Amino acid sequence: MNIKPLGDRVVIKVLALEETTKSGIVLPDTAKEKPQEGEVVAVGPGRVLENGERAALEVKVGDRVIYSKYSGSEVKMDGEEYLILNGDRDILAVVEK
Amino acid sequence: MNIKPLGDRVVIKVLALEETTKSGIVLPDTAKEKPQEGEVVAVGPGRVLENGERAALEVKVGDRVIYSKYSGSEVKMDGEEYLILNGDRDILAVVEK
Amino acid sequence: MNIKPLGDRVVIKVLALEETTKSGIVLPDTAKEKPQEGEVVAVGPGRVLENGERAALEVKVGDRVIYSKYSGSEVKMDGEEYLILNGDRDILAVVEK
Amino acid sequence: MNIKPLGDRVVIKVLALEETTKSGIVLPDTAKEKPQEGEVVAVGPGRVLENGERAALEVKVGDRVIYSKYSGSEVKMDGEEYLILNGDRDILAVVEK
Amino acid sequence: MNIKPLGDRVVIKVLALEETTKSGIVLPDTAKEKPQEGEVVAVGPGRVLENGERAALEVKVGDRVIYSKYSGSEVKMDGEEYLILNGDRDILAVVEK
Amino acid sequence: MNIKPLGDRVVIKVLALEETTKSGIVLPDTAKEKPQEGEVVAVGPGRVLENGERAALEVKVGDRVIYSKYSGSEVKMDGEEYLILNGDRDILAVVEK
Amino acid sequence: MNIKPLGDRVVIKVLALEETTKSGIVLPDTAKEKPQEGEVVAVGPGRVLENGERAALEVKVGDRVIYSKYSGSEVKMDGEEYLILNGDRDILAVVEK
């Protein structure tokens, strides 16, 4: 992956949303905001805190994650659809295999 | 539970809302925002403070909690309905058994 | 009381609002926001500051307090009406007996 | 005065607004926000800073103060009208006798 | 001047706005926000920072200053019109004689 | 380049947007906000943190970057179009060659 | 120049906007916000940080700068038009001669 996200951003590969995803997570179709599933392909160094340190992100490349729908910026590369998300704000959880 | 919440997020199992919940808590039906009851199934490491430390969350797996209605993101897994909440902001109290 | 409030939250028992409350405080009926009176029944550990410490709340169980109307979340238990408030923001003063 | 304000709050006794107040201050009647005059009857311990200290308030009981109109919560006690104000935000100045 | 401003507030005497003020400053009448000129008559101790220190204000009694129009609270005393301003936010510059 | 950006600002040269950019990145034409590609030509010293340090920016002159559309201020020089962006907020990632 | 700006403010002399300014910078006339050019004539001491230090401004008297249009307060003196700007927020870059 030749996109290197900056700060607390993360690049994820959007996973096709079957009704029941491979990991058994079903993202219900209620009107409310439906979180999405994707795979982490690149992780930024984390945001800079007011004491000058960086707050490393918890996710790593290869993690399967649940993230808030309608977040991030779309980027397409070699036919794949990617999203550049804000790691702290948009990614809710990691789905352990 | 194979969902690992990030930062100050918490995954709870939504408890069916009888008028009088098992713990004797009745969440009145007034127009005002009615808090809900649920059980904690996974807890994140807490948010990062500006001094770089993490502020651990007060709740633990198994706690029965009261949380603000209309908060969090819905996720369904193995037929159960879960919510991914913000621990500090959305969870109001623990109901001691 | 088996509700344990989190962070800087406080559980109070709403006191029936006679025109002149037992402590001599009259909460006038002007259109403006009328503060309310209640009794503290449970106190959270306080909010976490950016230096990692907790800012303990000033109120304690048994205190009679004045709080901003329309604040907090309602919870009913064993026939009594309780409110879960934000201690710092919603509670204005303690009424000394 | 048996009302003990919390945090950076202050209880003041509202002074009847003659056109020229005893201290010579005239609070003009222009459409713009007209500050008001009152006397401090109780002072809170001050707000908690992010380093855990409290920022003591500058006013003391007995001070005659000028405060922003339309601020605070009304409370009546023993026939007197009081306001619970935010000391830092609502009180503009002390009028020296 | 018997008004003692609190925190980062400053009391100024509003200078009559001739087209060209004594100091040669002309405050153009364009529709845009026109800054005003006044003289400092009392200065507060400055705002409290999160480390507990006070940030002293840069202006002193007697300074002729330029401030943003429509800011502050009006107070009249002994026939003179005064404004209680926020020193950091409302006062733009000192006009050196 | 004789424009020296201040604080956490960055000057970039806007790259003409072919459907598939040289680096293989396709910025899809969906209604959603489409990030853009550009080349860094000047980098500011970074923003000042509350502890007085500067948070250096991650990008350097020559980097090919993806940035949020509709951000920054346009400047034209010697026939080339440049944008002055906020490095932390507007630049999402570096595209490695 | 007898205007001494306070805090992080800067006084600039507005440069007449020819289509191509002397430094070769053309500020395009697109509908989008067009930055402006001016010369620094006075610089404030910088804003006070939460640790009590001042964050000195990067610009100095004589610098030719690019700033966001529609920012600052207008002041006219001795026939010249000046703007009092917020140094950190409104000034984007220095144009090196």
Side-chain angles (χ1 to χ4, degrees), chain F residues 1-17 33-36 38-57 59-61 65 67-91, chain G residues 7-10 12 15 17-38 40 43-60 62-71 85-97:
Chain F
M1 157 62 44
N2 74 344
I3 304 183
K4 199 189 78 169
L6 300 179
D8 56 3
R9 292 185 184 85
V10 174
V11 181
I12 65 159
K13 195 167 69 177
V14 178
L15 293 181
L17 189 82
E33 185 208 329
K34 305 173 302 174
Q36 299 290 295
E39 186 184 318
V40 174
V41 294
V43 181
R47 73 184 171 93
V48 177
L49 300 174
E50 284 302 326
N51 66 359
E53 285 171 36
R54 279 207 185 260
L57 287 159
V59 296
K60 59 184 183 318
V61 172
V65 294
Y67 61 92
S68 315
K69 175 116 182 172
Y70 313 122
S71 51
S73 298
E74 275 173 60
V75 166
K76 221 174 211 161
M77 206 173 66
D78 312 335
E80 289 276 1
E81 202 184 286
Y82 296 95
L83 267 180
I84 306 179
L85 297 176
N86 175 302
D88 294 323
R89 192 190 55 214
D90 303 333
I91 302 186
Chain G
D8 56 2
R9 292 184 183 85
V10 174
I12 65 160
L15 293 182
L17 188 83
E18 298 98 18
E19 196 41 51
T20 319
T21 61
K22 264 161 260 149
S23 60
I25 308 283
V26 173
L27 307 175
D29 215 359
T30 56
K32 240 173 70 116
E33 186 208 330
K34 305 173 302 173
Q36 299 291 295
E37 234 196 314
V40 174
V43 181
R47 74 184 171 95
V48 177
L49 300 174
E50 285 301 329
N51 66 358
E53 284 171 37
R54 278 205 185 263
L57 288 158
E58 294 171 66
V59 294
K60 59 182 182 320
D63 277 349
R64 182 187 285 268
V65 294
I66 298 177
Y67 62 92
S68 314
K69 175 116 183 175
Y70 312 122
S71 51
L85 297 176
N86 176 302
D88 294 322
R89 193 190 54 213
D90 303 332
I91 301 185
L92 310 178
V94 172
V95 181
E96 285 160 341
K97 288 150 200 158

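Side chains included, hydrogens not; waters and symmetry mates left out as well; all remaining heavy atoms used. Not measured: the values here are computed from a predicted model. Every chain is numbered from 1, with letters handed out A, B, ... down the list of sequences.
Judged purely by atom type and a 3.5 angstrom limit, F/E50 uses its side chain to pair as donor or acceptor with the backbone of G/E50.
Qualifying side chain to side chain contact (heavy atoms under 4.5 Å, CB included) partners for F/R54, counting only residues two or more places apart in sequence or in other chains: F/P45, F/V48, G/E58.
G/A93 and F/L6 get closest at one heavy-atom pair: CA-CG, 3.9 Å. The nearest pair of heavy atoms linking F/R9 to G/R89 is NH2-O, 3.1 Å.
Side-chain contact between G/V95 and F/N2 is present, with at least one heavy-atom pair separated by less than 4.5 Å.
There is no contact between G/V65 and chain F, counting heavy-atom distances below 4.5 Å.
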